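Report on one structure; see the data block that follows.
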Amino acid sequence: MPHDPEPPPAKKFKPGSVFFRLDKNKPGMLLPRKGNVTTPIDVQRKQLPIYQAKPQLLNQLRQLHNAILIGETGSGKTTQIPQYLYEAGIGRPGVIAITQPRRVAAVSLAGRVAEEKRTQLGKLVGYTVRFEDVTSSETKLKFMTDGMLLREAIGDPLLLRYSVVVLDEAHERTVHTDVLFGVVKTAQRRRRELNKIPLKVIVMSATMDVDLFSEYFNKSPVLYLEGRQHPIQIYYTKHPQSDYLQAALISVFQIHQEAPPSHDILVFMTGQEEIEALARTCRDIAKHLPDGCSPMVVIPLYASLPPAQQLRVFQHLILLYTSLTISGIKYVIDTGMVKAKRFNPDSGLEVLAVQRVSKAQAWQRAGRAGREDSGSCYRLYTEQEFDNLIPMTVPEIQRCNLASVMLHLMTLGIPDVMNFDFMSKPSPEAVRAAVEHLELLGAVERKEGQVSLTALGKKMASFPLEPRYAKTILLSPDYCCSEEVLSIVSLLSVDSVLYNPPARREEVLAAHKKFISSEGDHMTLLNIYRAFKKVGGNKEWCRENFVNSRNMNLVKEVQAQLREICLKLSLKLESCGSETGNVRRCLAHGMFINAAELQPDGSYLALDTHQSVAIHPSSVLFQAKPAYVVFNELLHTSRCYMRDLCLVDADWLLDAAPEYFGRKLHLTKS
DNA sequence: GAGCACTGC
């Protein structure tokens, strides 16, 4: 491909440079649609592709205990299937649950279906997500996050309130969905054994990788639904691109000069930094576009941007990498890369790395171009490279820490968690590491080779938190600092409450300086939270202090929820006031697995895995070099960094787990 | 002296 060391003038991007090759073998995927916004709602329902299939669908669904439903976006399956079931009396008098991986989807779908049924939300149709329950005794169609159904299963493992469970967006394979697969399958079997009302399970997915689903659910039949996708033209590069960012830049300008201005371009990229850099370059080049070329509006879009900015109206170019729903996209540029987390069970380390997308992801990205009308997708890789992509993204359950999953399964009374019937089994090492972690925390115990939940473990499971956080909260009454620990855990379980625009670095440092505690990041966060509460969550205060008020308010919600659980468990809630040493003692006892020791050469050794780690420069302890710390997480980027550190005494760690540290010390010597 | 994709309970 053409390449200039200097930022090339716009002329270089004139149409005609043969960059893409048309792929004639893969024409548009599905049928066009006719849309009309003013059509009455019941007519709209009948215009959906799924409506034609309604009689056969109902016929099948009435008989089957399990069904796999494959339908593209726009087939109407998520809004219609629950209504069809209800209208046909299938599953009465029980409740039909429809799970979603994301909150917004659960909420908006419930709203849409309530509208279609002409009822008030929360009556016949409702939703349940964390912090929000809009259901009543009348609710028969209940949209919920999969995590929420999982939590409900703790009190009701057979899911007896439900006659039908619809697992939607199953192709996303989130941890929660994958665990739910096993939970509903178990509930189905147990209900049959106990002669209870049968449970119908419908798995809905957008992809064609159905064998796995079908096989898992006792070879259940697969029903296909026609979608509503418009034709999409796929283009590939002639040659592999060594620099996908450069390729994206060229493609953007090529399309911009050829396309009508009302057609937006969507570029899939891997992260904030990349997006900001490309946005800057595009804007610079756009200033020097030749006369007659329409102006270009560049909108960077990523999750950590404040929501107001995400909602801005855009005209021509969007740079984006999330799964946000945006309409009016005509052109998609797919870099073929994604940033994803990988997990190493041996080191307990999560690595965030840029890697190639899967075929499924590539098709999903392409699909974004055909929502409203026909579109084009430019893949910045060759067709051969596409053919070599892995078919499906590795399910999250195979690349995450399983501690909370294992704890959850045990709470559900699953007899043999080590051999749980996962659709895609995580590695035995990952399972073993998780159980060992729980054992160290005292959540499980081994008796004659069998693993069982302890009373402490049962309490830990009642918190929607990682086990070590739950443990720390449960320890906090012993140190008379539950209020502080609740705040700290809440602060750690949301995205950063600190706002760090790199352009205003000096101001940020000055503003945050007054909160800094020499005891570490946890206490610093606590100082910020205390100050925030003192001014009553004042937004102006947040702005002045570079504090993210949205996340801060989320902290308040989380804390309220955790406090509620503490009260149910009759934990004593009290504040230690200025005795912050108590808080650090408590953190040391709860987080002892994440401890590190200063070495003579100035580096740190993580005591659990004996790997060399460093203090992340964002920590307030970066220059302090304390002898012992506990940290919140390890992040492997350019080095292995500890993030969110708390200064502790060696004695506290030894006191927390004498046997464990005895073993670790022994390991150091040998 | 770095820079963290997206969810969810």
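Treat the numbers as computed from the prediction; the structure is a model and nothing was measured. Just so we're on the same page: letters track the sequence lines, and every chain starts at 1.
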Checking A/T609 against A/Q611 for the side chain to side chain donor-acceptor pair (under 3.5 Å) test, could you report, in this order, the C-alpha distance in whole Å, the side-chain angles of both residues, the deciding distance, and whether it holds? CA-CA 5 Å; A/T609 53; A/Q611 61 188 334; 3.1 Å; yes

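- Looking at A/R161 and A/E152, a side-chain N of the basic residue comes within less than 4.0 Å of a carboxylate O on the acidic one, giving a salt bridge.
- Considering only side-chain atoms of A/T145, the nucleotide from B/dG8, B/dA5, B/dG1 that sits closest is B/dG8.
- Atom CD of A/E172 and atom P of B/dA5 are 19 Å apart (whole Å).
- Within the nucleic acid shown, A/Y641 comes within 4.0 Å of sugar-phosphate atoms alone, with no base atom in reach, counting heavy atoms only.
- Rounded to whole angstrom, the span from the CD atom of A/E274 across to the P atom of B/dC6 amounts to 13 Å.
- For the pair A/R643 and B/dA2, the criterion of a side-chain N or O lying under 4.0 Å from OP1 or OP2 is not met.
- Rounded to whole Å, atom C1' of B/dC9 lies 16 Å from atom CG of A/D178.
- Closest non-hydrogen pair, A/L159 versus A/A187, comes out as CD1-CB, 4.4 Å.
- Between A/I397 atom CD1 and B/dC6 atom P there is a gap of 22 Å when expressed in whole angstrom units.
- Within 4.0 Å of A/V129, counting heavy atoms only, lie sugar-phosphate atoms of the nucleic acid but no base atom.
- Comparing B/dT7, B/dC4, B/dC9 by their closest approach to the side chain of A/R102 singles out B/dT7.
- With rounding to whole Å, A/E633 atom CD is found 8 Å from B/dC4 atom C1'.
- The nucleotide whose nearest atom lies closest to any side-chain atom of A/H176 is, among B/dA2, B/dG1, B/dC9, B/dC9.
- Atom-to-atom, NE2 of A/H171 to C1' of B/dC6 comes out at 14 Å; the value is rounded to the nearest Å.
- For the 3.5 Å distance criterion, the side chains of A/T174 and A/H176 fail to qualify, holding no donor opposite an acceptor.
- Nucleotide B/dG8 holds its P atom 15 Å from the CG atom of A/L180, rounded to whole Å.
- Separating the CG atom of A/D146 from the P atom of B/dC9 is a distance of 9 Å, rounded to the nearest angstrom.
- A salt bridge links A/R563 with A/E483: the closest approach of a Lys/Arg side-chain nitrogen to an acidic carboxylate oxygen falls below 4.0 angstrom.
- Candidate nucleotides B/dC9, B/dG1, B/dA5 were compared by shortest atom distance to the side chain of A/P617, and B/dG1 ranks first.
- Taking only side-chain atoms of A/K339, from C-beta outward, the nucleotide of B/dA5, B/dA2, B/dG1 with the closest atom is B/dA5.
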